[in-house]
Structure formats: structure tokens, C-alpha cells
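Below is one structure, written out as C-alpha cells; the observations come after it.
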Amino acid sequence: MGEKYGDRNDVVIVKSGKRICGTGSALSNAPIAQDKAYFEIKLQSTGVWGVGLATKLCDMSTVPLGNNKDSWVIRHDGVLYHNNEEKGKLPEVPQEGDILGLTYDHVELNFFLNGKPLNNPLMGIKGTVFPVFYGQ
């Protein structure tokens, strides 16, 4: 992760870019350019958060993300959002200590919980996208 955003941008990127704390959002400084990509997060504590993909046009100053056409995210309650519409729900909600993995192949954004596929992809992602995370 690299760039941080938010009107109450108290999001802090620490540990050499490996940990995000606070309130706000962070957009990776590198787009997903390869054919397939994988990234993951470890949930250190409970709270309101979201992770997924966004374009550079995404309004990062307002969280939760997934509320516009330029972001596709899973939120802390396991619900998948794009353009402020619920696009699905994971069969299991990630909990504190879990590792949530995301794969993207320019067709589908898939989710894995502690290495187990959750078989509920987000589809229809268009344009150059970047990994994104927000916390409240």
C-alpha cells in the first residue's frame, strides 16, 4: 500500500507499508497489471473495514468504499459491494485473527478465508485497478 486518503485521514501506514491503522482509506501505489494477482490481509482486530479493488477515479475521501462505480469491496460484515449495491455475501464472515486472501484475474475478484475458497466472486470489474483498504 502506498497512498492514503480520507477527509478524516487518520489512517496510518506503518511497518514498512505492511500495516494500516486508524480511520480512512489507502490505495496501493501499483496497479494490478499482471494476468493474475493475489494479496491478503490479516485482521488484527475487529471493527469497521473493507478491502478490495478501486480505480484512481474512486472518491477515497468517503468510507465505506464500494459505494461508487469505481470500487469493489468486501466489508467487515462479509457483504460484497459495488456502486452502493449489495453484490453478494460470503458464507463466512472474517473474524479477528483470520487471513482474508483476494485473487484477481481481470475477470473475477475471488476471496479466500484462511486459505479456503469462499466461492462468491465479484464480477464486472473494469479498468486499471489497485488494491484498496479502508478502516473506521
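Predicted model, so just to flag it, every value in this text is computed and none were measured.
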Do you know the tightest heavy-atom contact between [X] and [Y]?
{"X": "I125", "Y": "V129", "answer": "CG2-CG1, 3.8 Å"}
{"X": "D105", "Y": "K36", "answer": "CB-CG, 4.0 Å"}
{"X": "F133", "Y": "I41", "answer": "CE1-CD1, 4.1 Å"}
{"X": "L65", "Y": "Y134", "answer": "N-CE2, 3.3 Å"}
{"X": "C58", "Y": "A54", "answer": "CB-CB, 3.9 Å"}
{"X": "L109", "Y": "G52", "answer": "CD2-CA, 4.4 Å"}

Residue that, paired with W49, satisfies side-chain contact (heavy atoms from CB on, under 4.5 Å) out of P64, S25, P94: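 Among P64, S25, P94, the one meeting side-chain contact (heavy atoms from CB on, under 4.5 Å) with W49 is P94.
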Pairs satisfying side-chain hydrogen bond (donor to acceptor under 3.5 Å, both in side chains), at least one member in residues 89-99, at least two apart: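 As it turns out, the side-chain hydrogen bond (donor to acceptor under 3.5 Å, both in side chains) pairs with a partner in residues 89-99, which skip direct neighbours, are E92-K116, D98-N114.
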Let me confirm one number: the [atom1]-[atom2] distance from [X] to [Y], rounded to the nearest 0.5 Å.
{"X": "K69", "Y": "L57", "atom1": "NZ", "atom2": "CG", "value": "6.0 Å"}
{"X": "I74", "Y": "D77", "atom1": "CD1", "atom2": "CG", "value": "8.5 Å"}
{"X": "K87", "Y": "N120", "atom1": "NZ", "atom2": "CG", "value": "12.5 Å"}
{"X": "L102", "Y": "I32", "atom1": "CG", "atom2": "CD1", "value": "9.0 Å"}

Pairwise ring-ring contact (aromatic ring centres under 6.0 Å, His included) hits with a residue in residues 81-101, at least two apart: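 Listed once each, the pairs are W72-H82.
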Flag for Y38-E40: side-chain donor and acceptor within less than 3.5 Å: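 Looking only at side-chain atoms, Y38 and E40 do form a donor-acceptor pair, the distance falling under 3.5 Å.
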Residue from T128, D70, N68 passing side chain to side chain donor-acceptor pair (under 3.5 Å) with T55: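 Per the side chain to side chain donor-acceptor pair (under 3.5 Å) rule, the option paired with T55 is D70, out of T128, D70, N68.
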Same apolar cluster: V79 and F112, side chain cutoff 4.5 Å: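 Unlinked, V79 and F112 end up in two clusters.
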Counterpart residues, side-chain contact (heavy atoms from CB on, under 4.5 Å), relative to P91 (two or more places apart):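 If we apply the side-chain contact (heavy atoms from CB on, under 4.5 Å) test to P91, skipping adjacent residues, the hits are L118.
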Test log, rule side chain to side chain contact (heavy atoms under 4.5 Å, CB included), inputs V132 and M60: CA-CA 9 Å; V132 68; M60 302 286 289; 3.4 Å; yes
Partners passing ring pair (Phe, Tyr, Trp, His ring centres under 6.0 Å) against F111 (at least two apart in sequence or in another chain):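 By the ring pair (Phe, Tyr, Trp, His ring centres under 6.0 Å) rule, F111 matches no residue at all.
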Set of side-chain hydrogen bond (donor to acceptor under 3.5 Å, both in side chains) partners for N110, sequence neighbours left out: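 In terms of side-chain hydrogen bond (donor to acceptor under 3.5 Å, both in side chains), with neighbours along the sequence ignored, N110 is linked to E108.
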side-chain hydrogen bond (donor to acceptor under 3.5 Å, both in side chains) partners for E86, two or more places apart: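 So E86 forms no side-chain hydrogen bond (donor to acceptor under 3.5 Å, both in side chains) with any residue.
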Note, L100 side chain near V51 side chain (heavy atom, < 4.5 Å):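 Yes, close enough: below the 4.5 Å cut-off.
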